K.L.:
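This structure is in structure tokens; I'll ask about it shortly.
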2 protein chains.
Amino acid sequence: MHATKRETEILNTVRLKGSVTTMELAEMLGVTDQTIRRNVIPLVERGLVKKVHGAIVAPDRLLEAPFHRRMLENQDAKQNLATVVAATIADGDSIMLDAGSTTSYVAQALVDKKNLTVITNSAQIASTLAPNPTNKVYFAGSELRSDDSAAFDAQALKTFNQFDVQYAILSATALHAQRGIMVQKAHEAELSRMLISRASHVIVAADSTKFDRKSLISVCEFSDIQTLVSNEAPIGELAEALETNNVFVSTPNT
Amino acid sequence: MHATKRETEILNTVRLKGSVTTMELAEMLGVTDQTIRRNVIPLVERGLVKKVHGAIVAPDRLLEAPFHRRMLENQDAKQNLATVVAATIADGDSIMLDAGSTTSYVAQALVDKKNLTVITNSAQIASTLAPNPTNKVYFAGSELRSDDSAAFDAQALKTFNQFDVQYAILSATALHAQRGIMVQKAHEAELSRMLISRASHVIVAADSTKFDRKSLISVCEFSDIQTLVSNEAPIGELAEALETNNVFVSTPNT
DNA sequence: CTGCAAATCAACATAAACCAACATATCCTT
DNA sequence: AAGGATATGTTGGTTTATGTTGATTTGCAG
């Protein structure tokens with residue numbers, strides 16, 4: 001294993017876990033801690049990671065935002081279910097991607113697809129998928145909120161409304177047997193409904209911590225969606241509600 | 001086995017595995033490592049693979065993108081002039097930021113400002129400045145081009161047109177005594193003119209490599225701008241033209 | 001504040017990879 | 001078949017990456 005490959009490994013690990021010790025990296029990559037320190041120098045120079053005594057950490061600006069904290073919560077679960085969602089999408093498909101920590105993982109899992117048409121209201125997702133020259137990426141919205149650099153204004157609705165796509169990939173704050181898909185803010189709900197109305201196949205991506213909870217606003221019934229992708233299969237009442245409404249449930253194991 | 005056949009073999013292996021050592025290839029193809037090194041040279045020249053010490057690796061698609069190459073060219077100069085631009089901007093100011101490698105550095109230099117109102121057509125700049133909760137960031141545009149994740153469509157023009165700001169910060173491809181500010185594409189020029197018309201103070205950020213050159217389209221006369229920020233002061237005819245039109249020239253030394 | 005352990009850094013040694021130059025083999029043309 | 005051009009192998013010196021050792025710094029408990 002050469003230095004360059006180790007650099008990308010280090011970067012990935014730091015981005016995934018937020019921080020990692022020199023020793024952990026040394027063991028993981030089968031070299032001495034000294035070599036790790038040397039490999040980290042160019043990464044620090046490029047501002048991609050930061051060094052503190054005892055560990056390599058992601059730069060502050062990424063960690064401070066609440067959104068980035070959500071990116072770090074349940075990261076394994078989100079990573080896994082993102083892979084499952086990505087497996088559903090084929091080269092050349094057209095998709096709408098809602099803003100959210102889970103959907104950001106989905107976007108990351110889609111970088112190697114080709115010829116995608118992507119419409120999203122998240123600046124982060126847009127700049128993840130736009131650099132691929134085979135893709136066609138549209139940003140929906142104008143006024144960005146600071147939390148996650150995403151737009152939920154009239155312009156966002158208007159842009160989504162112009163398109164008809166194969167898949168809409170939604171995030172959610174809660175899933176509840178009686179109340180269906182739920183989110184925290186009224187304008188998030190409104191936007192989600194727009195995505196649902198413009199896609200022939202609606203995929204909800206939500207990790208199992210969202211199960212059997214309520215949030216503030218109900219976005220839609222389960223009958224309005226086609227697929228739920230999660231890290232675990234739901235059980236009990238929620239599972240029944242999904243089955244009754246013919247929602248296909250997809251998990252890493254199936 | 002001929003050299004050309006080995007070349008395709010090398011390319012396939014690199015694409016399949018991401019990276020491979022010279023020795024592995026030598027063994028696999030039954031020739032010495034020296035021959036492999038020679039066979040790799042034309043592949044590197046064509047940009048199909050990259051060499052690092054210890055291995056041949058697939059080129060980092062993102063880094064090879066023209067925009068990212070521009071980000072790396074004249075890094076110090078751009079960094080310096082970005083600091084100068086940032087010094088001009090005060091907390092609470094309203095600014096429009098054009099897409100470009102130089103303006104990306106400016107955005108980076110503005111992260112610690114507070115209460116900025118920012119309108120930009122670059123997704124990258126938007127996601128640099130939006131996470132600061134004291135800022136108000138608007139993204140202008142919908143259809144992103146892959147090169148730099150920026151928008152130059154009608155929607156972008158329309159959004160910029162809604163605002164009136166204190167500063168417009170423009171990038172440029174060339175500055176020429178007779179032809180003024182120049183860029184490479186017609187829609188870039190159109191967008192720049194929109195920014196100029198909506199700002200009370202126009203700042204052009206351009207490093208000294210842009211001086212005394214021509215590009216395809218003329219954006220505006222020097223009389224239309226107020227400030228030029230660069231890493232070096234221009235000389236000769238260009239300096240005269242700027243002075244005649246009362247353009248204030250600002251550099252890291254002044 | 002002091003002392004200790006862990007982490008870091010600096011300097012050197014070694015091994016691996018690299019490159020340049022020359023020697024040899026192979027191919028192609030006439 | 002001869003000769004030139006090209007490709008490959010070989011050799012030796014140069015650079016780079018890694019490991020090792022010991023000195024220095026840092027964080028923390030008492």
Side-chain angles (χ1 to χ4, degrees), chain A residues 1-64 68-69 72 75, chain B residues 1-64 68-69 71-73 75-76 79:
Chain A
M1 158 131 13
H2 47 97
T4 319
K5 191 161 181 173
R6 269 198 304 273
E7 277 182 31
T8 60
E9 279 298 316
I10 293 170
L11 197 52
N12 286 340
T13 310
V14 169
R15 286 196 171 148
L16 198 67
K17 312 221 281 185
S19 81
V20 62
T21 70
T22 314
M23 285 307 182
E24 282 170 355
L25 287 170
E27 198 169 341
M28 179 190 315
L29 301 172
V31 291
T32 60
D33 52 342
Q34 197 56 239
T35 301
I36 296 294
R37 288 198 186 90
R38 284 191 269 243
N39 291 153
V40 163
I41 293 170
L43 296 175
V44 172
E45 276 169 2
R46 287 196 281 160
L48 299 170
V49 302
K50 214 177 87 177
K51 258 188 348 163
V52 296
H53 193 87
I56 324 290
V57 299
D60 295 340
R61 59 178 192 283
L62 291 179
L63 288 172
E64 276 167 13
H68 203 264
R69 277 212 302 279
L72 295 176
Q75 44 185 320
Chain B
M1 170 169 311
H2 288 309
T4 43
K5 182 155 187 165
R6 267 200 305 273
E7 278 183 29
T8 61
E9 276 299 313
I10 292 170
L11 198 51
N12 286 340
T13 310
V14 169
R15 286 191 173 151
L16 188 70
K17 309 214 290 179
S19 77
V20 62
T21 70
T22 315
M23 284 308 182
E24 283 169 357
L25 286 171
E27 198 169 339
M28 178 190 316
L29 302 172
V31 291
T32 60
D33 52 341
Q34 199 56 238
T35 302
I36 296 294
R37 288 202 183 87
R38 284 191 270 244
N39 291 152
V40 163
I41 294 169
L43 294 175
V44 171
E45 276 167 2
R46 286 194 282 159
L48 298 170
V49 301
K50 216 173 80 179
K51 253 186 358 159
V52 297
H53 191 92
I56 324 288
V57 299
D60 188 337
R61 268 195 297 272
L62 291 179
L63 286 176
E64 296 298 319
H68 276 262
R69 272 217 306 278
M71 282 296 286
L72 297 176
E73 290 167 7
Q75 209 168 346
D76 290 344
Q79 187 83 62

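Predicted model, so just to flag it, every value in this text is computed and none were measured. The figures that follow rest on heavy atoms only: side chains count, while hydrogens, waters and symmetry mates do not. Letters A, B, ... mirror the listed sequences (proteins, then strands); counts begin at 1.
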K.L.:
Nearest 0.5 angstrom please: A:Leu25 CG to A:Arg37 CZ, how far?
P.N.:
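Rounded to the nearest 0.5 Å, the CG-CZ separation comes out at 10.5 Å.
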K.L.:
With a 4.5 Å limit on heavy-atom distance, are the side chains of B:Thr13 and B:Ile56 in contact?
P.N.:
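No, their side chains stay 4.5 Å or more apart.
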K.L.:
Rounded off to whole Å, could you give me the CE-to-P distance for the B:Met23 and C:dA15 pair?
P.N.:
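Rounding to the nearest Å, CE of B:Met23 and P of C:dA15 are 15 Å apart.
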K.L.:
For A:Ile36 and D:dT18, what is the distance between atoms CD1 and C1' respectively, to the nearest whole Å?
P.N.:
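Interatomic distance, CD1 of A:Ile36 to C1' of D:dT18: 11 Å.
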K.L.:
Step by step, work out the side chain to side chain contact (heavy atoms under 4.5 Å, CB included) result for A:Leu29 and A:Ile10.
P.N.:
CA-CA 9 Å; A:Leu29 301 172; A:Ile10 293 170; 4.1 Å; yes
K.L.:
May I ask you to evaluate whether A:Lys5 reaches the phosphate of D:dA17, defined as a side-chain N or O under 4.0 Å from OP1 or OP2?
P.N.:
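No, outside the criterion.
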K.L.:
Send over the distance from A:Asp33 CG to C:dA6 P, rounded to a whole Å.
P.N.:
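It works out to 13 Å between those atoms.
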K.L.:
So, is A:Thr32 near the phosphate of D:dG19, with a side-chain N or O under 4.0 Å from OP1 or OP2?
P.N.:
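Checking D:dG19 against A:Thr32, a side-chain N or O does come within under 4.0 Å of OP1 or OP2.
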K.L.:
How many whole angstroms separate atom CG of A:Asn39 from atom P of D:dT18?
P.N.:
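Going from A:Asn39 (CG) to D:dT18 (P), I get 6 Å.
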K.L.:
Would you say that B:Val57 contacts A:Lys5 through its side chain, given a criterion of any heavy-atom pair below 4.5 Å between the two side chains?
P.N.:
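The answer is no; the side chains never approach within 4.5 Å.
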K.L.:
Rounded at 0.5 Å granularity, tell me how far CZ in B:Arg38 sits from CG in B:Asp33.
P.N.:
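If we round to the nearest 0.5 Å, B:Arg38:CZ and B:Asp33:CG are 9.5 Å apart.
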K.L.:
What I'd like to find out is whether the side chain of A:Thr35 reaches to under 4.5 Å of the side chain of A:Thr32, using heavy atoms alone.
P.N.:
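Side-chain contact under 4.5 Å: yes.
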K.L.:
Treat primed atoms plus P, OP1 and OP2 as sugar-phosphate and everything else as base, then score nucleotides 22-30 of chain D 5' to 3': B for base contact with protein heavy atoms under 4.0 Å, S for sugar-phosphate contact only, - for none.
P.N.:
----SS---
K.L.:
Separation of A:Arg37 atom CZ from C:dA6 atom P, in whole Å?
P.N.:
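Rounding to the nearest Å, CZ of A:Arg37 and P of C:dA6 are 14 Å apart.
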K.L.:
Using the side-chain heavy atoms of B:Arg38, tell me which of these nucleotides is nearest: C:dC19, C:dC9, C:dA21.
P.N.:
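So the nucleotide nearest the side chain must be C:dA21.
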K.L.:
Please report the distance, rounded to the nearest Å, between CG in B:Leu25 and C1' in D:dT8.
P.N.:
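Answer to the nearest Å: 16 Å.
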K.L.:
C:dT8, OP1 or OP2 - any side-chain N/O from A:Thr22 closer than 4.0 Å?
P.N.:
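Yes, because at least one side-chain N or O of A:Thr22 sits under 4.0 Å from OP1 or OP2 of C:dT8.
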K.L.:
For B:Val31 and A:His2, take the nucleotide of DNA chain D holding the closest heavy atom to each; which residue's nucleotide lies nearer the 5' end?
P.N.:
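The residue closer to the strand's 5' end, by nearest nucleotide, is B:Val31.
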K.L.:
What is the distance, to the nearest angstrom, from the CD1 atom on A:Ile41 to the P atom on D:dT18?
P.N.:
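Interatomic distance, CD1 of A:Ile41 to P of D:dT18: 12 Å.
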K.L.:
Given atom CD of B:Glu7 and atom P of D:dA7, what is their separation to the nearest angstrom?
P.N.:
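These atoms are roughly 10 Å apart.
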K.L.:
Under 4.0 Å, heavy atoms only, any strand: does A:Val52 hit a base, just the sugar-phosphate, or nothing?
P.N.:
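The residue A:Val52 makes sugar-phosphate contact but no base contact.
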K.L.:
Note down the inter-axis angle between the two ends of the helix from C:dC1-D:dG30 to C:dT30-D:dA1, five pairs each, to the nearest 10°.
P.N.:
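If I round to tens, the end axes sit 40° apart.
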K.L.:
Say you draw a straight line from CD of A:Glu7 to CG of A:Leu48; how long is it, rounded to the nearest 0.5 Å?
P.N.:
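Rounded to the nearest 0.5 Å, the CD-CG separation comes out at 9.0 Å.
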K.L.:
Using 0.5 Å steps for rounding, measure from the CD atom of B:Glu24 to the CD1 atom of B:Ile36.
P.N.:
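Between atom CD of B:Glu24 and atom CD1 of B:Ile36 there are 11.0 Å.
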K.L.:
If I take atom CD from residue A:Glu27 and atom OG1 from residue A:Thr22, how far apart are they, to the nearest 0.5 angstrom?
P.N.:
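Here the interatomic distance stands at 12.5 Å.
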